[in-house]
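A quick write-up on the structure given underneath.
None of the values given here were measured: they were computed from a predicted structure.
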Amino acid sequence: AAWSVSMEEEETLLIDLSAFATDVDGDVLTWTVEPSGESIVAAAVSGQELLLSALLDAWGMDEMWWLNVSDGTTTYAKLLNVSIEPMPDQPTISNASATTPDASTLRIAWNWYDADGDSMDVEIQINGVASNGSRECSELGICTEIVGIAFEPGSFVNIDIIARDAEFPD
């Protein structure tokens, strides 16, 4: 049999181990954890408390930690079952840049990533107006958009790259 814990993705729990076991003789219990393989949870024991931390962007079942308890005479080892529920992650935009290949063209480039694997929903706005440029994105999330623009000498161009996810309000 195993001890079971449920948590959310990227959550950290501090668990009172007295809920897991007691000693009928009243002996002080000593707790340890031992990994049994590659885990999506970090685990540590301090006194009578177990610290569990789900790793970034990891969810599912984890059965890679042995939770051991000893009364000084006998040691019991139980596999710790950790169920990690996925939580929505916001998409990220990185390595954004803008270049001007010529006097009437703006080339905007960015990298897109969504840990949940959702489809890309990105809007480019130039000076507050949605872009109607030509966009290409690779399977790796490397994107470029080419926009025709009339540059005015001495003026600034404001470029917004807006990433949306249906799990989050605008």
Side-chain angles (χ1 to χ4, degrees), residues 3-16 33-47 49-67 79-170:
W3 286 314
S4 298
V5 175
S6 293
M7 61 192 309
E8 294 179 348
E9 174 187 348
E10 301 165 17
E11 181 180 19
T12 296
L13 297 177
L14 189 59
I15 300 169
D16 179 2
V33 287
E34 294 177 54
S36 66
E38 191 172 322
S39 177
I40 58 173
V41 175
V45 169
S46 177
E49 294 181 316
L50 172 64
L51 178 71
L52 291 177
S53 223
L55 300 183
L56 184 65
D57 298 329
W59 59 89
M61 283 298 298
D62 186 280
E63 299 174 337
M64 295 297 168
W65 288 98
W66 287 97
L67 183 57
L79 192 59
L80 184 63
N81 287 335
V82 182
S83 173
I84 304 166
E85 295 299 318
M87 297 302 293
D89 291 292
Q90 291 185 325
T92 58
I93 300 287
S94 62
N95 299 324
S97 65
T99 57
T100 53
D102 59 50
S104 62
T105 305
L106 182 62
R107 180 182 181 274
I108 304 163
W110 69 91
N111 293 351
W112 156 269
Y113 177 74
D114 189 311
D116 300 326
D118 294 335
S119 297
M120 182 175 64
D121 183 3
V122 170
E123 178 183 353
I124 303 291
Q125 291 184 1
I126 299 172
N127 294 328
V129 177
S131 166
N132 59 356
S134 171
R135 181 179 299 178
E136 291 183 12
C137 293
S138 75
E139 290 180 14
L140 299 174
I142 301 168
C143 302
T144 59
E145 185 156 330
I146 306 296
V147 180
I149 188 170
F151 291 105
E152 296 180 26
S155 67
F156 290 96
V157 176
N158 184 34
I159 302 167
D160 293 305
I161 304 174
I162 303 165
R164 292 192 171 93
D165 188 316
E167 298 286 335
F168 298 91
D170 280 348

Side chain of [X], backbone of [Y]: donor and acceptor closer than 3.5 Å?
| X | Y | result |
| --- | --- | --- |
| Asn111 | Ile142 | no |
| Asp165 | Glu167 | yes |
| Asp62 | Val82 | no |
| Glu9 | Met87 | yes |

Write down the atom of [X], the atom of [Y], and the distance for their closest heavy-atom approach.
| X | Y | result |
| --- | --- | --- |
| Arg135 | Val122 | NH1-O, 3.0 Å |
| Leu67 | Trp3 | CD2-CE3, 3.3 Å |
| Ala96 | Ile161 | CB-CD1, 3.8 Å |
| Phe168 | Asp89 | CE1-C, 3.6 Å |
| Pro86 | Trp59 | CB-CG, 3.6 Å |
| Ser83 | Glu85 | OG-OE2, 3.4 Å |

To the closest 0.5 Å, what do you measure between [atom1] ([X]) and [atom2] ([Y])?
| X | Y | atom1 | atom2 | value |
| --- | --- | --- | --- | --- |
| Glu123 | Asp160 | CD | CG | 9.0 Å |
| Ser39 | Trp65 | OG | CH2 | 6.0 Å |
| Thr100 | Ile149 | OG1 | CD1 | 10.0 Å |
| Ser53 | Ile40 | OG | CD1 | 12.0 Å |
| Ser6 | Glu11 | OG | CD | 10.0 Å |
| Arg164 | Ser119 | CZ | OG | 15.0 Å |

Check whether any side-chain heavy atom of [X] lies under 4.5 Å from a side-chain heavy atom of [Y], and answer yes or no.
| X | Y | result |
| --- | --- | --- |
| Leu50 | Leu80 | yes |
| Trp112 | Pro91 | yes |
| Met64 | Val41 | no |
| Ser104 | Asp102 | yes |

- Message: side chain to side chain contact (heavy atoms under 4.5 Å, CB included), that's the test. Do Asp114 and Met120 meet it? Break it down for me.
- Response: CA-CA 8 Å; Asp114 189 311; Met120 182 175 64; over 6 Å; no

- Candidates Leu52, Ile15, Thr12 - the one meeting side chain to side chain contact (heavy atoms under 4.5 Å, CB included) with Met7: Leu52

- Going through the distances and angles, do Trp66 and Val33 end up as a side chain to side chain contact (heavy atoms under 4.5 Å, CB included)? CA-CA 5 Å; Trp66 287 97; Val33 287; over 6 Å; no

- Does the pair Arg107 and Thr144 meet the rule for a side chain to side chain contact (heavy atoms under 4.5 Å, CB included), with working shown? CA-CA 7 Å; Arg107 180 182 181 274; Thr144 59; 3.1 Å; yes

- Go through the steps for Leu106 and Ile159 under the test side chain to side chain contact (heavy atoms under 4.5 Å, CB included), then give the verdict. CA-CA 10 Å; Leu106 182 62; Ile159 302 167; 3.8 Å; yes

- Taking everything shown except Asn132 itself, do over 12 heavy atoms lie less than 6.0 Å from its CG? no

